[in-house]
Amino acid sequence: MRSTGIRRSLVALGVGALALTACGSDDDEAAGGKTRITVNCMPPKSAKVDRQFFEEDIAAFEKKNPDIDVVPHDAFPCQDPKTFDAKLAGGQMEDVFYTYFTDAGHVVDINQAADLTPYVVELKSYATIQRQLRDIYTADGKVYGIPRTGYSMGLIYNRALFEKAGLDPEQPPTTWAEVRDAAKKIAALGDGTVGYADYSAQNQGGWHFTAELYSQGGDVVSPDGEKATVDTPEGRAVLRTLHDMRWKDESMGSKQLLVINDAQQMMGAGKLGMYLAAPDNIPILVKEKGAEYRDIAIAPMPGGRATLIGGDGYMFNKNASPEQIRAGLKWLDHMFLTPGDGFLGDYARAKKNDAPVGLPEPRLFTGAADEKDQQVKKANANVPVENYRAFLDGNQQLEMKIEPPSAQQLYSVLDGVVSAVLTKEDADIDRLLKDASGKIDGILARS
């Protein structure tokens with residue numbers, strides 16, 4: 001699953017697989033002998049401020065690199081699953097195109113990505129990017145893409161409700177037992193207050209089950225990607241916790257089959273204590289749902305074992321010329337991969353335009369590059385960064401795990417498992433996991 005935007009922008013960026021115009025190396029020379037590259041993920045016109053920033057940054061890049069002509073395409077969303085594979089197969093994809101982490105392997109498998117290995121030495125920022133993110137776009141020792149942003153799941157919680165329930169907001173839950181205990185106390189406040197909410201529809205229940213399974217030290221599929229591994233003690237522990245919170249503690253409320261917007265609405269209205277999400281939920285809670293920054297905090301994933309990560313990056317059309325690849329890498333460095341600068345990193349510009357600065361993610365870089373990025377972010381912070389300290393510190397101890405193969409198909413299966421547990425008090429957890437395991441094995445066998 002994608003997160004809710006994983007961006008620092010004023011509004012969720014529309015990032016899109018766009019106009020079906022022929023792209024690739026046949027059009028690599030612009031007038032005057034320039035190298036022309038087509039790129040996607042330009043914010044749509046409806047996102048006026050982000051659109052302005054993007055255009056400003058492209059203009060600055062072209063001024064700095066007068067031999068390169070950048071042709072941006074915009075639409076919403078950036079990667080439309082209905083057209084993505086067709087554009088690749090039909091040779092219609094941009095020279096530099098956006099992908100979710102979960103699609104990188106697929107693009108390589110169908111032989112639609114250019115091999116960037118000989119060129120990444122020219123990408124100044126490449127070595128500073130977190131290795132676990134770089135590895136997502138690496139296959140058989142070859143580099144096929146460049147990460148742009150990343151997110152990890154954590155526990156968003158309402159500090160005001162914690163205090164009202166007699167809980168210490170400076171000491172958020174670190175285990176699922178502590179989550180359960182805190183949820184009971186928050187739900188006891190009454191007046192429709194829910195202690196903990198979870199999704200169970202539109203594939204989002206399967207997404208969260210996966211994150212919760214990771215947090216328990218489990219996995220959805222075997223390391224070779226061929227067999228389901230949900231019918232395990234860890235899988236049963238996830239479902240038993242949800243069942244008991246829902247039916248024994250009554251801390252999850254009676255309304256179920258929730259999706260992300262439901263949880264956000266409850267949190268924004270001050271009626272929800274906790275739910276799982278990435279940090280990019282926080283500005284949505286404030287700007288769209290009525291919450292206050294001071295009341296919203298985030299802690300690391302309970303369980304202490306692992307957390308689910310996601311994000312996005314860019315790959316290159318397999319027909320891109322060497323000149324286009326080199327130009328595209330320069331463009332990525334300028335736009336997204338310069339600490340404290342560019343479209344995602346110009347925090348002073350973001351602050352001036354009332355965009356949130358100081359959220360704990362995305363955190364793309366390591367070493368000196370990360371230090372510089374964090375220093376500039378801190379200098380321009382306009383949100384209560386202390387509310388995110390537990391998340392930053394705790395994440396250092398967690399394994400970061402990407403979503404499973406054929407994620408959306410698997411999530412559809414697991415949706416049924418989670419929804420059954422949250423809507424049927426007598427749900428047979430063992431049977432649910434056994435049946436789901438068989439269905440997942442079938443999906444994996446066909447993929």
Side-chain angles (χ1 to χ4, degrees), residues 1-6 100-102 151-157 173 175-176 179-180 183 194-221 228-230 232 234-246 251-253 255-267 272-281 284-285 298-303 305-311 391 398-404 406-423 427 429 432-433 436 440:
M1 277 319 262
R2 71 196 72 174
S3 187
T4 57
I6 193 59
Y100 298 120
F101 284 174
T102 47
Y151 75 85
S152 60
M153 300 287 284
L155 183 73
I156 288 186
Y157 65 99
T175 68
W176 283 104
V179 169
R180 183 178 175 185
V194 173
Y196 177 79
D198 215 340
Y199 315 151
S200 53
Q202 299 180 14
N203 287 15
Q204 295 176 21
W207 175 37
H208 269 204
F209 174 88
T210 298
E212 291 159 356
L213 184 58
Y214 287 174
S215 78
Q216 300 269 14
D219 214 329
V220 176
V221 301
T229 54
V230 296
T232 58
E234 294 85 3
R236 285 186 282 277
V238 170
L239 295 182
R240 178 55 57 189
T241 296
L242 290 175
H243 177 276
D244 290 350
M245 291 174 71
R246 166 71 173 96
S251 62
M252 296 184 68
K255 181 183 178 182
Q256 294 301 321
L257 302 180
L258 306 178
V259 295
I260 189 168
N261 186 60
D262 298 312
Q264 291 172 339
Q265 292 281 12
M266 289 191 290
M267 182 65 77
L272 174 62
M274 299 170 285
Y275 75 108
L276 298 181
D280 65 344
N281 268 231
I284 293 174
L285 294 173
I298 186 168
M301 195 74 176
R305 301 293 296 275
T307 186
L308 183 150
I309 66 171
F391 177 83
L398 299 180
E399 180 184 359
M400 303 287 163
K401 300 183 66 170
I402 194 171
E403 296 174 83
S406 304
Q408 295 305 317
Q409 292 175 274
L410 271 56
Y411 293 165
S412 180
V413 171
L414 294 168
D415 251 15
V417 175
V418 177
S419 64
V421 167
L422 294 178
T423 59
I429 289 175
L432 288 168
L433 287 174
I440 290 172

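One-based numbering along the sequence shown.
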### Message
When you measure from the side chain of E234 to the backbone of V230, do you find a donor-acceptor pair of N or O atoms at a distance under 3.5 Å?
### Response
no
#### Entry: Shortest non-hydrogen contact from L414 toward F209
CD1-CD2, 3.8 Å
### Task
Return the orientation label for the Y275 and Y199 ring planes: parallel under 30°, perpendicular over 60°, tilted otherwise.
tilted
### Task
Say whether, by atom type as modelled, one donor and one acceptor occur between the side chain of T307 and the main chain of M153 under 3.5 angstrom.
yes
### T232 side, atom OG1; L433 side, atom CG - distance, nearest 0.5 Å
7.5 Å
### Task
Evaluate the side-chain contact (heavy atoms from CB on, under 4.5 Å) criterion for residues Y196 and V179: first the C-alpha distance (whole Å), next the side-chain angles of each, then the deciding distance (0.1 Å), finally the verdict.
CA-CA 8 Å; Y196 177 79; V179 169; 4.1 Å; yes
#### Entry: Side-chain heavy atoms of N203 within contact of L410, under 4.5 Å
no
### Exam field: side chain S406 to backbone Q409, donor-acceptor pair closer than 3.5 Å
no
#### Entry: Expected output: side-chain Y157 to main-chain L272 donor-acceptor under 3.5 Å
no
### Query
Does R305 CZ have over 12 foreign heavy atoms under 6.0 Å away?
no
### Closest non-hydrogen atom pair between G273 and M267, with its separation
O-CE, 3.7 Å
#### Entry: Side-chain donor or acceptor of T229 paired with backbone N/O of V220 under 3.5 Å
yes
### Query
Does V194 reach the side chain of S251, with side-chain heavy atoms less than 4.5 Å apart?
no
### Query
With no hydrogens and no angle check, is any side-chain donor or acceptor of D415 less than 3.5 Å from a backbone partner on Q202?
yes
### Stepwise salt bridge (Lys or Arg N to Asp or Glu O under 4.0 Å) test for K401 and D219
CA-CA 9 Å; K401 300 183 66 170; D219 214 329; 3.0 Å; yes
#### Entry: Beyond-backbone contact of L257 with S419, side-chain heavy atoms, under 4.5 angstrom
yes
### Summary
Rounded to the nearest 0.5 Å, the CE atom of M252 sits from the CZ atom of R180 at a distance of 11.5 Å
### Task
For the pair I309 and Y151, evaluate side-chain contact (heavy atoms from CB on, under 4.5 Å) and give the outcome as yes or no after the intermediate values.
CA-CA 6 Å; I309 66 171; Y151 75 85; 6.0 Å; no
#### Entry: Spacing of CG belonging to L242 relative to CD belonging to Q256, to within rounding of 0.5 Å
9.0 Å
#### Entry: Nearest-0.5 Å distance, NZ of residue K255 to CG of residue L422
14.0 Å
### Query
Which pair of non-hydrogen atoms, one from L276 and one from M301, has the smallest distance, and what is that distance?
CD1-CE, 3.4 Å
### Query
Given side chains that start at C-beta, do those of H208 and V418 come closer than 4.5 Å, heavy atoms only?
no
### Message
Within this structure, what is the CD1-CE distance for the pair I298 and M274, rounded to the nearest 0.5 Å?
### Response
13.5 Å
### Steps toward side-chain contact (heavy atoms from CB on, under 4.5 Å) verdict (E212, D198)
CA-CA 11 Å; E212 291 159 356; D198 215 340; 2.4 Å; yes
### Query
Which pair of heavy atoms, one from S152 and one from P279, lies closest together, and at what distance?
O-CD, 3.6 Å
### Task
Identify the heavy atoms of L213 and G235 that sit nearest to each other, and give their distance.
CD1-N, 3.5 Å
### Query
Quick check: does any side chain N or O of D244 sit under 3.5 Å from a backbone N or O of T241, one acting as donor and the other as acceptor?
no
### Query
How far does CD1 of I260 sit from CH2 of W207, to the nearest 0.5 angstrom?
5.0 Å
### Task
Could you please spell out the steps behind the side-chain contact (heavy atoms from CB on, under 4.5 Å) verdict for R236 and L239?
CA-CA 5 Å; R236 285 186 282 277; L239 295 182; 6.0 Å; no
#### Entry: Least distance between heavy atoms, V221 atom then P404 atom
CG2-CB, 4.4 Å
